[in-house]
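These notes are about the structure you will find just below.
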Amino acid sequence: MKRFSTHFVGCLLAAILCAGLSLADDVPRILFLTQSKGFQHGSVNRKQGTRAPAELAMLQLAKDSGAFKITCTQNAEADITKENLQKFDLVAFYTSGNLPIADADLDYLLNDWLHQKGHGFIGFHSATDTYKNHEPYWDFVGGTFNGHPWGAGSKVTVKVHDTEHPAMMPFGDSFEIQDEIYQYNHWQPEKCHVLMSIDMAATQTKRPYHVPIAWCKQIGQGRMFCNNLGHREETWQDERFLKSVLAAVQWVSGQTNADAKPNPAVSAAHHAASIKAAHAAGITQERLQAEKKIKDAKRAAKNAADKAKAAAAGN
């Protein structure tokens, strides 16, 4: 049997420790929920019995990095329970709609488990399109989906506000990406540390308001991180995004530290900058409201015509 020198073993142990691993393989255990009870994104669609693209990417990231273990599920009713959560350190949601989680288990998740030291939450993309009418959830997650003027084919320029946060370092000061970007209801800047937002001045489709893309919070002794990116399957192969996810896991689990204090002044400044950029392009709230009225009127007229046609066919 081949023998290794003491020096080699010492170097190997040092490399393991520098990589953030322990000899006991004591790494964070993540429960990744990809269940859809609303719109199902391609990134979480298990085609022909295979794992979904987001699941495959997370499983590969866990394997390549050795920095965490992950269990993927699309059965919230069975797996998001008080008993099962004891097996995990973090939960990650790429979900939509009202999930079949028992009220007592959801309350435990939001108001107890997530507040414990070493526990945390990572939300991807439509995690904000989940429990839209359940205030304890949207108050926790930081915002509620309210449309996406920037569709899957859109390219947006993103401004990174906190370049020192580990999960933001892979992106630099700013970057361009093609992905679907949400705008939000219930955005509460006084409760969130906003990390990056759409740069309206540099993005073709403009809106006169702040559109955050990623943010984080301290939840009791636990932590949460939310990133809107991840609609497109290609995003789950983007090296910058995957490095950000890995750094987010390490931060949420408490392996690294970074500022998570609410920074409402950053949101306010970016809101003002977004208004200025949109107005310079002739986009105002009044114009958007007028366009919405026209669109709603056309939709109502079409629905009325369809009903009349159906009634006539029934006679």
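FYI, the numbering just counts along the sequence from 1. For clarity, every value in this text was computed on a predicted model and none was experimentally measured.
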With a 6.0 Å cut-off on ring centres, are Y182 and H125 close enough? yes
For H193 together with H161, are the ring centres under 6.0 Å from each other? no
Of D79, L99, T71, T130, the residue whose pairing with L33 passes side-chain contact (heavy atoms from CB on, under 4.5 Å): L99
In this structure, is the centre-to-centre distance between the rings of F32 and F93 below 6.0 Å? no
Under 3.5 Å, is there a donor on one side chain and an acceptor on the other for Q188 and D139? yes
Check step by step if side chain to side chain contact (heavy atoms under 4.5 Å, CB included) holds for H271 and Y209. CA-CA 5 Å; H271 181 70; Y209 40 77; 3.6 Å; yes
Tell me if the centroids of the rings in W236 and F124 come within less than 6.0 Å of each other. yes
Decide if the gap between the ring center of Y131 and the ring center of H134 is smaller than 6.0 angstrom. yes
Would you say R223's side chain and W251's backbone share a donor-acceptor pair under 3.5 angstrom? yes
Between Y184 and W215, does the ring centroid distance fall short of 6.0 Å? yes
Pair D89 + R29, salt bridge at N-O below 4.0 Å: yes
Please check if the side chain of S96 supplies one atom and the backbone of G38 the other of a donor-acceptor pair under 3.5 Å. yes
Heavy atoms from other residues, nucleotides or ligands near CD of Q86 exceed 12 (cutoff 6.0 Å): yes
Salt bridge (charged side-chain N to carboxylate O under 4.0 Å, His left out), that's the test. Do D238 and R240 meet it? Break it down for me. CA-CA 5 Å; D238 189 309; R240 300 166 300 179; 2.8 Å; yes
Lys/Arg-Asp/Glu bridge criterion (N-O < 4.0 Å) met for D296, R299: yes
If you measure only the distance, is there a donor-acceptor pair under 3.5 Å linking the side chains of S274 and H210? no
Is a side-chain N or O of Q74 found less than 3.5 angstrom from the main chain of T34, in a donor-acceptor match? yes
Flag the pair H41 / Y94 as yes when their ring centroid distance falls below 6.0 Å, and as no otherwise. yes
Can you name the salt bridge (charged side-chain N to carboxylate O under 4.0 Å, His left out) partners of R207, sequence neighbours left out? none
Looking at K155 and D179, does any basic side-chain N land under 4.0 Å from a carboxylate oxygen? no
